[in-house]
Amino acid sequence: MSTELPRTYDPSSVEPEAYRIWLEEKCFHADPSAPGEPYTIVIPPPNVTGALHLGHAINATLQDILIRRHRMRGFNTLWVPGIDHAGIATQAVVEKQLKEKENLTRHDVRREGLVERIWAWKQQYADRILEQLKRMGSSCDWDRTRFTLDEMLARAVRETFFKLFRDGLVYRGKRLVNWDVFLQTSVSDDEIYHETVKTSLWHLRYPIVDDARATHMVVATTRPETMLGDTAVAVHSQDPRWNWAIGKQVELPLTGRRIPIIADDILVDPKFGSGVVKVTPAHDPNDYAVWQRHQDQPDAIDILNILTPDGRMNENAGAYAGLRRDAARKKVVEDLTAQGLLEKEEPYETQVGHSDRSKTPIEPYLSDQWFVKMAPLAEPALEVVREKLIQFVPERYAQTYLSWLGEKRDWPISRQLWWGHRIPVWSKKGTGHESKSDPAQSSEAIWWQRENDKWTARGCVHWMLQSGSHTGDEMFEFISYVCPPPAADQNLINELEAEGFVQDPDVLDTWFSSALWPHSTLGWPEETPELKTYYPTSVLVTSRDIITLWVARMVMMGIYNMGHGEFLAESTEEAHSKIANRKSQIKTAIPFHDVYIHPTILDGKGERMSKSKGNGVDPVDIIETHGADALRFTLSNMATETQDVRLPVKMLPDGRNTSDKFDLGRNFCNKLWNAARFALGNLESIAAEPVDESRWTVADRWILSRLARTLAEADAALGSYRFDTYAKACYDFFWRDLCDWYVEAVKPALKDPNRAAQTANVLATALDATLRLMHPVIPFITETIWWRLNDIRPDRSIPGKISGSTNKRLILSAWPTADKSLIDEEAESVFSRLQELIGAIRNIRNEYKVNPKKSVAVSIVAPADAARQIEANRALVELLAVCSIGEIGAALEATP
RNA sequence: GGGCCGUUAGCUCAGUUGGCUAGAGCGCCUCCCUUACAAGGAGGAGGUCAUCCGUUCGAGCCGGAUACGGCCCACCA
């Protein structure tokens, strides 16, 4: 056949060529000065920890569908690709590899050595990830590929940190953090999972000092070693068993320390256990809260850290110093038993927090960390979602966002890691007579000024550190913290360091830089043309597990940076009125208008595919067995509103994965390929002739009517992010209507010189519109067929009915639109009755197992109007039901 | 413990505001390699829509309860 298309669709012979041409002709490249309303998506940057899996594939596919469709609709379209350095996760992976391959720790290779190795890892996986995205057909603007550690983004980070510091929104606090003793870093609440552990509940006796009413109190604990850090025991103020003891003391066993008995009605539930709770502020979040509550009260208690950063007992643990946690626990229990102070030990099950990264139990640990004050940032971020300036799809996910952000918990941003944005703060110890601030309140004083258009800042926060007390007027030791302005030159830093200031060794939480992603990737803080044109972005496409970690923080930081800090609000009312008064301004500050949450891809066992679990399936495996279009079509078809998609996979002998699920898409593409072969072959041999609508048959009018409806349905589906509905509409129209019925119905006409040209016109139009319609989801195959269609039949429009510009490349051609006049109720009704009739005849034939090629004689009895329609389409029925119709009898009345 | 979601054919999932005989793909059965396509064509079997109660002329859909599964959040010394 002269169309040269092979019988079976072979994606591997088509995909690389199409992609090469798109790249070569810069079809993905965005120009800020180009006409058209902007349409922007920034990719959720995949972690550089490893290769992408099918969860990323669905994410990328859906974004590409949106981008390609808008590009075809004439929008000025930009899709920004990029990768996240994923601080803790990546460092953990590389450290693990270091340990396994070379038996070295990070301390052996030092900071520079480790960072160097991580960069090498990054290079390898970044390339792999970008290659995976390309293989999937992603039409990203690769000239604008970003990495969260790029200099461009580093500038945004420094700028943001400085502004937060200046505005008093970032502060240094001694806080109880989740400490990963293996990685020796703090871990956020979100990076912890809980595991049920079988342990014991130990009941300990604390002797009461100097009171005849009782000899001792009993406290229960699952972590007996923490008793070394107890600074109080608490009872409920209304508990008659113990409230008489409030204000007295107990003697803490093993240490001999005397600690107060205090009342705390929040911590203590008098109905639970003995009604007495040991208080270890430095090593338990609830106890820490007790310490805070009692800070400025007459019954203020101490706080005592007993751990070293690597998880051993420190000097405050006296005789136990140097022991690891488990050893200390054992010895404490032994010693208490020896002294008769262990009341009992009972088996107990409890949930223990583990670090997601190192899989080791976390310790609540008191350490110095940087925090971002959430309330003023969170209030406007909450308000824009309440006011639906940012719309979640499906809507229910707004609740996740609102309830999490509503807690306004301060955000710990420092990480004791080497991989990431170094915290831009220099510090120096000093002494003075005044207590400049109260560390518990973590207030700060920052001094900075502008000279000759340059920041010459000497920001400082004073901390007293003197021997546990901060009430007298002795000499205070404090630390000055300086955050140089982001535009500071090296001179200022040299100056600082000459004065003895030292840069903070920690790095920022990885989410700090990804929170800036929508504007930092466009060049902020520079007022670049990209930022002006493409911000705010149109939609964020992501999965639901990072609504809190990422989405909420992007909204906060977007509003803060792009709204120039003008929407900061201490209260809900303030946020509400600020936003109500400046609607148009807030609309330019928010990072996106829609947040579309797509389904989670699960493996065959129902577990979420994830890099850390290692159960991910490489999309390239699927591309190699089924083709990229098949992958995309299937994923789009699975993107339903119900959230989880289970995807059983099986392993091929060579270790790659595949799944029968993708047969759906592969078969679909093969069908399209063959339908195109058929259509193109006919179009090539039939001379073109102007469209004459008066010669359209019922079948012609029916297929165009179905086309018009399908286009409307696809528009509605994609407009509401129903990718499954879009895919199904494509499937049904193309396969069921066009191939099964129209093409079969029209075969004789294509061979009839009198009818061939008009039929070819309709066929060409239908193919043309189908390719446009399906291009966003199956771009490779549609583009390839398009080229041939252009060669064979350059003009295939039906003026006034089906419109849209035609480019040499489908990717740059117009999204199809159909005039309403194409919708033909009568043709649809007649045709569907014929379909029913044909179906009925086929059914009977099959029941009698008649050979499909053998024609049968049929006589029909039908109501008069139906009989007339059948008579008028006798040839069609005979063709499709393989029969010859003898008599068509008109029934006296319509049968129901 | 709080919140959200789910439970529809053997499997994976649709089912829009309650309304003809509840759908699709895969799998299964029968016939067919008909010059676009066997990765295909034609036909078929298969579902008391998790359970119970209620609202309604009418419920897969609305309300309540229960069971099971999943996710998120908070975790009681």
Side-chain angles (χ1 to χ4, degrees), chain A residues 1 3 5 7-9 189-190 194 201-204 218-223 226 233-234 267-269 271-280 284-287 348 350-351 353 394 396-397 399-400 403-404 407 544-545 547-548 599-600 602 604 606-608 626-627 630 634 637-648 659-682 716-717 720 722 724-725 727-728 731-732 735-736 739-740 743-744 747 838-854 880-882 896:
Chain A
M1 188 177 287
T3 54
L5 296 176
R7 270 173 83 90
T8 301
Y9 175 57
D189 289 346
D190 319 299
H194 292 270
L201 188 63
W202 287 273
H203 297 256
L204 318 180
V218 175
V219 296
T221 180
T222 55
R223 297 190 297 155
T226 62
V233 293
L267 179 73
V268 182
D269 175 0
K271 291 191 284 293
F272 189 89
S274 64
V276 184
V277 183
K278 66 194 273 302
V279 181
T280 322
D284 183 279
N286 292 312
D287 297 356
Y348 199 73
T350 187
Q351 300 274 312
R396 69 187 113 98
Y397 289 112
Q399 290 172 30
T400 307
S403 62
W404 183 83
E407 290 186 24
R544 67 178 180 279
D545 50 321
I547 290 172
T548 54
T600 304
L602 310 175
E607 292 190 39
R608 194 168 79 84
H626 289 77
T634 309
N637 197 56
M638 293 192 311
T640 62
E641 204 183 311
T642 310
Q643 289 303 303
D644 292 349
V645 180
R646 205 178 270 231
L647 191 62
S659 167
D660 297 344
K661 283 275 147 200
F662 297 97
D663 291 357
L664 170 74
R666 182 198 57 186
N667 296 353
F668 186 70
C669 290
N670 193 54
K671 188 74 179 176
L672 173 59
W673 188 252
N674 279 293
R677 286 175 63 219
F678 173 82
L680 293 171
N682 280 286
S720 53
R722 288 304 303 262
D724 60 327
T725 308
K728 284 180 176 74
Y731 190 99
D732 287 341
W735 201 320
R736 303 273 85 96
C739 294
D740 289 354
V743 167
E744 293 304 326
K747 279 179 176 173
I838 292 162
I841 298 170
R842 285 170 171 176
N843 187 343
I844 295 165
R845 292 178 55 102
N846 266 289
E847 270 179 30
Y848 287 93
K849 300 200 170 133
V850 179
N851 186 303
K853 279 175 287 193
K854 187 175 157 54
L880 296 180
V882 195

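Numbers restart at 1 for each chain; the letters A, B, ... are given by sequence-line order, proteins then strands.
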Quick one: is rG40(B) close enough that its OP1 or OP2 comes under 4.0 Å of any side-chain N or O from N670(A)?
no

Pick out the pairs of N or O atoms, protein on one side and nucleotides 23-26 of chain B on the other, that lie under 3.5 Å.
| residue | atom | partner | partner atom | Å |
| --- | --- | --- | --- | --- |
| rG25(B) | OP1 | R736(A) | NH1 | 3.1 |

Show the nearest heavy-atom pair for residues A630(A) and C669(A), with the distance to one decimal.
N-SG, 4.1 Å

Rounded to whole angstroms, how far apart are CG on L602(A) and P on rC11(B)?
17 Å

With a 4.0 Å cut-off, would you call D724(A) and R722(A) a salt bridge?
yes

Given the C1' atoms of rA59(B) and rC52(B), what is the spacing between them in whole Å?
15 Å

Under 3.5 Å, is there any donor-acceptor pair linking the side chain of E744(A) to the base of rA36(B)?
yes

Toss me the dot-bracket line for RNA chain B: Watson-Crick and G-U wobble, both under 3.5 Å, 5' to 3', using | for pairs to another strand and [ ] for crossers.
(((((((..((((.....[...)))).(((((.......))))).....(((((..]....))))))))))))....

RNA chain B nearest-nucleotide lookup for E407(A) and V268(A): closer to the 5′ end is E407(A)

After noting the C-alpha distance and the side-chain angles of V219(A) and H203(A), does the key distance pass the side chain to side chain contact (heavy atoms under 4.5 Å, CB included) rule?
CA-CA 6 Å; V219(A) 296; H203(A) 297 256; over 6 Å; no

Return no unless some side-chain N or O of K747(A) is found under 4.0 Å from OP1 or OP2 of rA36(B).
yes

May I ask you to say whether R223(A) pairs ionically with D284(A), meaning some side-chain N is under 4.0 Å from a carboxylate O?
yes

Does any donor atom in the side chain of T400(A) or R544(A) lie under 3.5 Å from an acceptor atom in the other side chain?
no

For N846(A) and rC32(B), give me the distance from atom CG to atom P, rounded to whole Å.
11 Å

How far, in whole Å, is rU51(B) from rA67(B) if one measures between their P atoms?
16 Å

Suppose you measure atom P in rG44(B) against the same atom in rC26(B); what distance do you get, rounded to whole Å?
16 Å

What is the distance from CZ of F678(A) to C1' of rG41(B), rounded to the nearest Å?
14 Å

Taking atom C1' in both rC73(B) and rG10(B), compute the distance separating them and give it to the nearest angstrom.
37 Å

When you measure only distances, ignoring hydrogens and angles, does the side chain of R842(A) come within 3.5 Å of the base of rA42(B) through a donor and an acceptor?
no

Please report the distance, rounded to the nearest Å, between CG in N851(A) and C1' in rC33(B).
12 Å

C1'-based separation of rG41(B) from rC33(B) [nearest Å]
10 Å

Starting at atom NZ of K278(A), determine the distance to atom C1' of rA77(B), rounded to an integer number of angstrom.
9 Å

C1' spacing across the pair rG15(B) / rU7(B), given as an integer number of angstrom:
15 Å

Looking across every strand, which nucleic acid part, if any, lies under 4.0 Å from V276(A) by heavy atom: base, sugar-phosphate, or nothing?
nothing

Using atom C1' in both nucleotides, what's the gap between rG43(B) and rC4(B) to the nearest angstrom?
44 Å

Do any side-chain nitrogens or oxygens of W735(A) fall under 4.0 Å of OP1 or OP2 in rA39(B)?
no

Which value, in whole Å, describes the distance between the C1' atoms of nucleotides rC37(B) and rC32(B)?
15 Å

Going by the rule ring-ring contact (aromatic ring centres under 6.0 Å, His included), which residues pair with F662(A) if we only count those two or more places apart in sequence or in a different chain?
none

Assess K747(A) against F678(A): is NZ or CZ under 6.0 Å from the centre of the six-membered ring, and within 45 degrees of the ring's axis?
yes

Tell me whether D732(A) is salt-bridged to R736(A), with the criterion being a basic N under 4.0 Å from an acidic carboxylate O.
no

Rounded distance (Å) that lies between atom C1' of rC73(B) and atom CD1 of I547(A):
13 Å

So does N286(A) get a side-chain nitrogen or oxygen closer than 4.0 Å to the phosphate oxygens (OP1/OP2) of rC76(B)?
yes

So, OP1 or OP2 of rC4(B): does either fall under 4.0 Å of a side-chain N or O from R396(A)?
no

